[in-house]
A.B. asks: 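Okay, here's the structure, questions in a sec.
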Amino acid sequence: MSSEYQTTETLDVKGQSCPMPIVKTKQAIDELEAGDVLEVVATDSGSMSDIQGWADGTDGVELLEQVEGDDVYTHYVKKTER
Amino acid sequence: MSTDNPTSSVDDSESGFDAAEVRALRERVEELEEAVADLDDGDDRKKMTIVATQGSFDMAYPPLILASTAAAFGWEVVVFHTFWGLDILHEEKSTDLKLSAVGNPNMPVPNAVAALPGMDTVATKMMQKKIDENGTATIEELIDLSLETGVDLQACQMTIDLMEYDEDDFYDGVTTGVGAATALQHMAESDVQLLV
């Protein structure tokens with residue numbers, strides 16, 4: 001995994017399916033400060049496309065990286081200045 | 001267009017404008033520019049209105065999933081529940097929504113059998129089991145989540161009266177006392193409108 005950034009917090013949404021990974025990610029991001037990086041660990045394969053779509057369509061977040069493992073999908077989302 | 005020195009260039013008899021008129025026009029332009037700027041930095045959130053008309057177990061999901069996801073995008077969301085869709089917001093009925101066994105392509109029995117008493121319950125149980133195994137949220141969870149994230153869940157007043165429901169029958173936070181005109185108003189202001 002890339003280490004150009006430090007993960008501030010980890011959100012575990014393993015076992016949860018659409019729309020939970022997105023909704024929980026949004027709620028977790030709301031609790032963070034600009035510059036913080038949230039690690040989202042999911043088992044929902046749809047989260048690869050959904051997190052990307054959400055990050056593209058949402059102000060104040062930047063998708064840094066998505067890592068596809070064995071049935072585990074890890075996403076790194078940075079909270080940015082609006 | 002040459003506007004480098006408008007006061008002197010237009011201040012002649014041919015243009016038909018005198019200096020006072022030009023000044024008034026410039027002020028008007030400034031006013032309009034400000035008004036346009038206000039529009040730009042106004043609320044640029046996307047808006048979605050969903051009309052939920054169905055109250056079966058399967059049809060309760062799409063509006064709630066789309067609504068809570070749209071809220072995660074920061075959209076302003078209204079879900080107007082009317083006719084059978086109202087049962088989704090009914091605290092008691094929402095936990096007992098049924099899936100129809102007849103005409104359900106997932107049922108392993110012919111429609112003639114699916115029409116027998118109790119088959120809807122069987123179909124619903126099967127679906128509930130699948131939902132549970134898949135880690136899909138329950139209707140109740142999605143309603144709580146929607147309300148928590150600022151989705152405006154509206155219960156059509158006409159249908160409340162028609163079904164002889166009481167306003168207290170609904171989840172806390174549900175908007176009552178609204179009708180078709182309110183729904184239309186939201187639809188007209190929305191970027192996305194869906195009928196489910």
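Chain naming here is simple, since letters A, B, ... match the order of the sequence lines and numbering starts at 1 in each.
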A.B. asks: Could you label the plane-to-plane angle of the Y5(A) and Y76(A) rings as parallel, tilted or perpendicular, counting under 30° as parallel and over 60° as perpendicular?
C.D. replies: tilted

A.B. asks: Are T82(B) and T53(B) close enough that a side-chain donor and a side-chain acceptor fall under 3.5 Å?
C.D. replies: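 Distance-only check fails for T82(B) and T53(B).
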
A.B. asks: Counting only non-hydrogen atoms closer than 4.5 Å, does T149(B) touch chain A with its backbone (N, CA, C, O), its side chain (CB onward), both, or neither?
C.D. replies: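 The answer is the side chain of T149(B).
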
A.B. asks: Do you know which of I29(A), V23(A), I22(A) has the most heavy-atom pairs under 4.5 Å to chain B?
C.D. replies: V23(A)

A.B. asks: At a 4.5 Å cut-off on heavy atoms, which part of L145(B) comes close to chain A: side chain, backbone, both, or neither?
C.D. replies: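 Interface part for L145(B): side chain.
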
A.B. asks: Calculate, to the nearest 0.5 Å, the distance between atoms OG1 and CD belonging to T182(B) and Q154(B) respectively.
C.D. replies: 6.5 Å

A.B. asks: For F83(B), look at atom CZ and say whether over 12 heavy atoms of other residues, nucleotides or ligands are found less than 6.0 Å away.
C.D. replies: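 No - once you tally the heavy atoms of other residues, nucleotides and ligands closer than 6.0 Å, there are 12 at most.
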
A.B. asks: When only heavy atoms count and the cut-off is under 4.5 Å, which of residues 9-20 of chain A reach chain B?
C.D. replies: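 Only G15(A), Q16(A), S17(A), C18(A), P19(A), M20(A) of residues 9-20 of chain A have a heavy atom under 4.5 Å from chain B.
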
A.B. asks: Scan side-chain atoms only and decide if D152(B) and T175(B) contain a donor-acceptor pair under the 3.5 Å cut-off.
C.D. replies: yes

A.B. asks: Can you tell whether the side chains of K130(B) and E133(B) come within less than 4.0 Å, N to carboxylate O?
C.D. replies: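 Result for this pair is no, no salt bridge flagged.
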
A.B. asks: Please confirm whether Y165(B) and H90(B) have ring centers closer than 6.0 angstrom.
C.D. replies: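 Yes.
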
A.B. asks: Write down the atom of L63(A), the atom of Q52(A), and the distance for their closest heavy-atom approach.
C.D. replies: CD2-CA, 3.8 Å

A.B. asks: Chain A heavy atoms under 4.5 Å from L142(B): which part of the residue, side chain, backbone, both or neither?
C.D. replies: side chain

